[in-house]
Protein chains: 2
Amino acid sequence: MELVAMTQLDVTPVTDAPVKLGRKRDHSRDPEIMDAALDVLAETGYDGMTIDMVAARAKAGKATVYRRWSSKADLVIDAVACMKKGANDLDNLPDTGTLRGDLIGMIKPHAIHDNGRKLQIMAGVAAMVARSPELADAVNDAIVEPRAAVNRVLMRRAIDRGEIPADADIETLSLIGPSMTAYRTLVQRKPVDREFLISMIDTILLPALGLRPPADAAADA
Amino acid sequence: MELVAMTQLDVTPVTDAPVKLGRKRDHSRDPEIMDAALDVLAETGYDGMTIDMVAARAKAGKATVYRRWSSKADLVIDAVACMKKGANDLDNLPDTGTLRGDLIGMIKPHAIHDNGRKLQIMAGVAAMVARSPELADAVNDAIVEPRAAVNRVLMRRAIDRGEIPADADIETLSLIGPSMTAYRTLVQRKPVDREFLISMIDTILLPALGLRPPADAAADA
DNA sequence: TATATCCGAAACTGTGTAGTTCCGTATATA
DNA sequence: TATATACGGAACTACACAGTTTCGGATATA
């Protein structure tokens with residue numbers, strides 16, 4: 001008898017595959033919330049940012065935020081990580097035939113603005129990065145690495161066409177731009193404009209590679 | 001009549017110069033408290049730092065801290081500013097006869113450690129700097145400016161002895177070191193060791209100035 | 001030695017925010 | 001059209017920390 005009962009219980013499906021009705025979770029508000037989080041992060045920094053600010057800016061309820069992310073730290077890590085999607089496409093870089101032309105071709109108002117925002121966000125999470133390896137990795141993948149990657153590609157092409165020495169230390173040289181723009185924004189708090197970027201290319205990067213900027217370099221400014 | 005009364009009042013000393021007894025305020029604990037504040041700042045960042053932590057580390061009472069500084073922000077600004085006193089003395093810099101020798105002479109374990117601590121503090125206040133001009137100025141005077149100033153002096157001497165071109169852009173070039181070490185510490189979170197600093201000098205700074213590192217450069221590592 | 005004052009410690013207050021809960025409404029599915 | 005569910009909004013709890021107050025003990029001065 002007991003055996004029969006047990007068998008029946010075992011045969012009965014554990015879950016009844018109930019009919020699903022009503023609205024489905026579609027995560028459609030996630031981008032707005034993450035975008036709002038990045039804005040607040042850039043403006044007030046990690047500790048200054050409150051979930052209420054983020055929810056208000058995304059016109060969402062606080063509960064909606066917590067339905068998707070279990071904590072403020074989770075939201076920030078996710079928001080920073082999702083910036084990677086908007087990063088530069090390495091297959092559609094300028095190709096002018098010279099390293100200088102390619103580097104200057106990267107200087108567009110849109111790119112300058114994006115980099116500024118990324119650096120503001122960097123400043124906002126700088127203190128946190130030291131204590132959260134997860135956040136540190138997200139920042140590295142979404143902000144740090146993409147910047148250097150572009151320079152590496154452009155320099156590698158310059159090597160391929162024989163414009164610069166094959167043994168140039170691309171790893172180090174590709175960090176000059178990211179380093180100096182970060183320093184100028186975060187530490188010196190001076191604007192990173194077209195003029196500064198061109199002067200950096202012509203005064204440091206090209207000379208370090210043994211190249212001379214053209215005599216009419218001023219025409220680019 | 002009024003005049004007489006007024007005269008009497010004026011003649012009477014405003015304060016009675018009372019006899020002072022007891023212990024005098026000597027601010028003798030200020031250095032310990034500011035030092036503790038800098039330590040906590042480097043470890044936890046501005047928002048993570050609490051006055052209790054600072055007081056405990058300085059073996060002082062919280063009330064003692066508030067007797068001297070009216071707020072947490074005040075203490076941090078003062079502590080950062082007082083770092084300037086420990087900054088490099090521009091009159092006692094290495095003088096080896098070559099720019100490379102002078103630059104490498106600056107690389108001492110003590111200096112590497114100090115710079116690391118300063119950069120940790122920078123990271124801790126990075127988010128705050130954007131919203132407090134007072135703190136921004138303190139950081140600039142105590143951390144940012146002294147670093148570049150050393151390089152400027154060494155390069156100017158190199159110009160004077162005809163080692164590098166007189167029209168070299170010292171202002172920009174003197175920022176290569178500070179920028180790249182800051183980036184490496186704060187963003188990449190890699191160690192700034194002797195090897196990295198020498199490679200930066202030989203790969204970027206000297207080539208950008210038209211100099212070649214000696215063939216036996218590896219001997220310095 | 002007497003005393004005025006500072007000190008460290010600890011208790012206390014007020015505020016701000018992370019995270020939760022609840023509710024009336026909107027909406028996609030059946 | 002009916003309904004289950006997610007949504008925005010607001011109220012709520014728990015807690016951590018800035019800043020204040022209090023107090024017994026230490027200490028320099030007279």
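Each chain gets a letter, A, B and so on, in the order its sequence line appears, and its residues count up from 1. Note that the coordinates shown come from a computational prediction; the quantities given were computed from them, not determined experimentally.
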Length of the line joining [X]:[atom1] and [N]:[atom2], which is rounded to integer Å:
X     : N      : atom1 : atom2 : value
A:D30 : D:dA6  : CG    : P     : 13 Å
B:Y66 : C:dA9  : OH    : C1'   : 16 Å
B:I51 : D:dA16 : CD1   : C1'   : 14 Å
A:I33 : D:dA6  : CD1   : C1'   : 12 Å

Closest approach to the side chain of [X], judged atom by atom: which nucleotide of [options] is it?
X     : options               : answer
B:T50 : D:dC7, D:dA18, C:dA18 : D:dA18
A:A63 : C:dC22, D:dC7, D:dG19 : C:dC22
B:T64 : C:dA18, D:dT20, C:dG8 : C:dG8
A:R23 : C:dA18, D:dA6, D:dT20 : D:dA6

Do B:N140 and A:R189 have side-chain N/O donor and acceptor atoms under 3.5 Å apart?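 A:R189 and B:N140 do not have a side-chain donor-acceptor pair below 3.5 Å.
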Categorize A:A55 for me: base, sugar-phosphate, or nothing, with a 4.0 angstrom heavy-atom threshold over every strand shown. nothing
Scan B:M49 against the nucleic acid and name what it touches under 4.0 Å (heavy atoms): base, sugar-phosphate only, or nothing.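 Contact class for B:M49: sugar-phosphate only.
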Side chain to side chain contact (heavy atoms under 4.5 Å, CB included) between A:L205 and A:M155, worked out: CA-CA 11 Å; A:L205 194 57; A:M155 289 189 202; 3.9 Å; yes
Is the CD atom of A:E134 crowded by more than 12 outside heavy atoms at less than 6.0 Å? no
By nearest-heavy-atom nucleotide on DNA chain C, the more 5' of B:K59 and A:K72 is B:K59
When you measure from the side-chain N and O atoms of A:R67 to the phosphate of D:dC7, is any distance below 4.0 Å, counting only OP1 and OP2? yes
Under the 3.5 Å rule, do the base of C:dG19 and the side chain of A:K62 count as making a donor-acceptor pair? yes
Is the backbone N or O of B:E171 less than 3.5 Å from a side-chain atom of B:S174, with the two atoms forming a donor-acceptor pair by type? yes
